Asks: 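Have a look at this one.
As the structure lists them, so they are numbered: ligands from 1, and atoms in each ligand from 1. Just so you know, these numbers come straight off a predicted model, no measurement behind them.
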Amino acid sequence: MTTSEQTPSMLELMDRRSVLHPFTHVSDYAAGQTPAPFIVRSGSGIRVRDAAGRELIDGFSGLYCVNVGYGQERIVSAMTEQARQMPFFHVFAGATHEPAIELAEKLLQISGPSMKRVFFGLSGSDANETQVKLVWYTNNVRGFPKKKKIIARRRGYHGATIMTGSLTGLPAYHQGFDLVTDVVRHTTAPDGFWSGGLGPEAFARKCADDLEKLILLEGPETVGGFIAEPMIGAGGAVPPPAGYWAAMQEVLKRYDILLMIDEVVTGFGRVGYMLGSERWGIQPDLVTLAKGLTSGYAPLSAVLVGEKVWDALQLGAAKHGMFGHGFTYTAHPLGAAAASANIEIIESDNLCENARTVGEALLASLKRRFEGEPLVGDVRGEGLFCAVEFIAEGTPQRHLPSSLKFAARVSALARDQQLLLSRTMPFGDIIGLAPPLTLSKADAEEIVDRLYKAYRTALDELTPAQRSGEIA
Ligand SMILES: Cc1ncc(COP(=O)(O)O)c(C=O)c1O
């Protein structure tokens with residue numbers, strides 16, 4: 001019997017006894033003490049279908065990956081054709097292939113003249129790991145062997161490997177792993193909603209001052225890089241306050257610190273531009289791309305290498321010989337073919353523009369429906385990446401007790417409304433929305449309707465004491 005002939009409950013049983021799932025309470029899951037898993041079977045456009053045949057709107061594009069939506073035949077046929085012609089070849093020492101060349105040229109065209117080379121990997125984590133190695137290598141070559149610490153931000157997410165898990169500024173992802181601590185520091189999360197009432201400009205200034213204080217405390221001669229997402233992603237979908245990036249870049253320049261930008265979520269139209277760096281006037285030294293690079297049709301990531309690092313790599317070649325870094329699947333032909341077809345769709349179907357206009361409509365509708373409602377603290381977004389944040393009633397501004405799991409409850413109830421949301425975000429009670437960029441204004445209204453119904457049901461389940469955060 002194949003798995004597609006199994007009943008959903010049999011599949012659930014098999015999954016619980018065989019798969020080790022990421023970011024999951026493993027013993028509760030194994031013991032069947034968590035809600036039934038969502039067993040997804042197929043997708044088309046902005047919708048996915050589960051193993052029982054129910055169709056849901058995917059409000060989070062998988063894990064904010066599927067930017068062009070499901071069932072894009074142009075990507076499927078590019079990958080099929082590539083698999084038939086040449087499913088694999090490496091790009092080590094003297095070998096290369098057309099899909100890698102075509103994609104690298106395209107990515108350099110998108111990123112502009114400040115980027116000089118493209119290095120390919122498979123995931124956001126390995127690309128950020130590559131960035132760290134490049135910063136360390138660069139500073140060794142430049143004769144600054146102590147300049148190695150990397151400053152990240154609280155509530156940043158950069159991956160789950162040993163180094164990138166450490167850069168990730170969400171403590172829940174550190175527990176029990178003995179990650180790297182000696183070369184990683186974290187600075188202020190640019191979340192204006194929790195700024196204690198500072199206006200955007202004053203808060204942006206404070207973030208830059210906090211960064212400078214940390215650099216001076218550590219010693220500028222020990223700080224090699226600063227890594228950040230253009231807007232906070234997994235940490236709560238928060239656009240930066242006005243003036244943030246100009247102020248931060250000024251500080252980094254002053255202390256000769258490389259700017260490592262993580263565009264895993266913000267790239268490829270998500271915030272209404274091909275890159276978030278373009279949206280916020282960021283001039284990075286290194287850029288990580290993943291997720292929307294292939295819209296998740298194949299695993300592929302890329303690091304764009306800016307001039308300073310490229311110059312150091314050339315000097316390093318004279319000193320160390322070959323560049324001793326890479327993976328078997330670097331520039332995998334199927335991933336590269338998927339990415340080129342995906343980018344062609346984003347461009348030809350004007351998906352950046354659609355993300356801007358439909359994103360504006362989605363945010364306006366969320367604000368109309370949610371602002372002023374009980375427990376709603378903040379409604380925000382950029383392009384097609386929006387969030388509703390829930391807090392306790394009353395003053396001072398504070399979180400709901402985590403034991404209530406309010407956002408998780410809203411998310412579960414949304415599924416009854418046939419709306420699929422993110423795994424809940426790991427800070428406070430935040431519902432993130434990141435639907436495919438092919439979304440129409442009517443789809444956006446439908447999402448808000450379904451989310452609102454889920455929220456009202458979850459709200460009605462709470463007692464007044466729970467709403468005010470007095471009883472968990
Ligand atoms: C901003 C950001 N960087 C890096 C990663 C890690 O990517 P991956 O899970 O492909 O390793 C993620 C994943 O969600 C992310 O959101």
Asks: Looking at S123, which atoms of ligand 1 are within less than 4.0 Å of one of its heavy atoms?
Replies: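 In order of numbering, the contacting atoms are 10 (O), 11 (O).
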Asks: When you measure from the heavy atoms of K291 to every atom of ligand 1, does any distance fall below 4.0 Å?
Replies: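 K291 counts as a contact of ligand 1 under the 4.0 Å cut-off.
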Asks: Strictly by modelled atom types, are R279 and T266 linked by a side-chain donor-acceptor pair under 3.5 Å?
Replies: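 No, no side-chain donor-acceptor contact under 3.5 Å.
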Asks: Below 3.5 Å, N or O to N or O, backbone or side chain included: is there any such pair between S125 and ligand 1?
Replies: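 So ligand 1 has an N or O lying under 3.5 Å from an N or O of S125.
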Asks: Just jot down the ligand 1 atoms closer than 4.0 angstrom to any heavy atom of E229, in number order.
Replies: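 Per the distance check, 1 (C).
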Asks: Under 4.0 Å, heavy-atom basis, I'd like to know which part of N128 is in contact with ligand 1: side chain, backbone, both or neither.
Replies: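 Looking at N128 and ligand 1, just side chain atoms fall under 4.0 Å.
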Asks: For atom 7 (O) of ligand 1, state which one of G165, G296, G124, P22 supplies the nearest heavy atom.
Replies: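 Considering heavy atoms of G165, G296, G124, P22, the nearest to atom 7 (O) of ligand 1 sits in G124.
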Asks: Do R185's NZ or CZ and the ring of F226 fall within the cation-pi criteria of under 6.0 Å and 45°?
Replies: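 Negative - R185 is either too far from the ring of F226 or too far off its axis.
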Asks: Relative to the heavy atoms of D262, which atoms of ligand 1 are at a distance of less than 4.0 Å?
Replies: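 Numbered from 1, ligand 1 contributes 1 (C), 2 (C), 3 (N), 4 (C).
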Asks: If you count heavy atoms of other groups shown closer than 6.0 angstrom to NZ of K308, is the number above 12?
Replies: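 It does: K308 NZ has more than 12 such atoms within range.
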Asks: Hey, are D349 and N354 close enough side-chain-wise for a donor-acceptor pair under 3.5 Å?
Replies: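 Absent: no donor and acceptor within the cut-off.
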Asks: Check the surroundings of atom CD1 in I162: do more than 12 heavy atoms from other residues, nucleotides or ligands lie under 6.0 Å from it?
Replies: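 Counting neighbours around CD1 of I162, 12 or fewer heavy atoms of other residues, nucleotides or ligands fall under 6.0 Å, so no.
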Asks: Under a 3.5 Å threshold, yes or no: a donor from one side chain and an acceptor from the other, between E360 and T357?
Replies: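 T357 and E360 do not have a side-chain donor-acceptor pair below 3.5 Å.
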Asks: Work out whether the distance between some heavy atom of L63 and some atom of ligand 1 is less than 4.0 Å.
Replies: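 Judged by the 4.0 Å heavy-atom criterion, L63 does not count as contacting ligand 1.
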Asks: Using a strict 4.0 Å cut-off to heavy atoms of V265, name the atoms of ligand 1 that fall inside it.
Replies: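 Those atoms are 16 (O).
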Asks: For ligand 1, indicate whether the residue H158 contacts it via side chain, backbone, both or neither (heavy-atom separation under 4.0 Å).
Replies: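 The part of H158 near ligand 1 is the backbone, not the side chain.
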Asks: Tell me whether the guanidinium CZ or amine NZ of R16 lies under 6.0 angstrom from the six-membered ring centre of Y29 and within 45° of its axis.
Replies: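 Geometry flag: set, cation within 6.0 Å and 45°.
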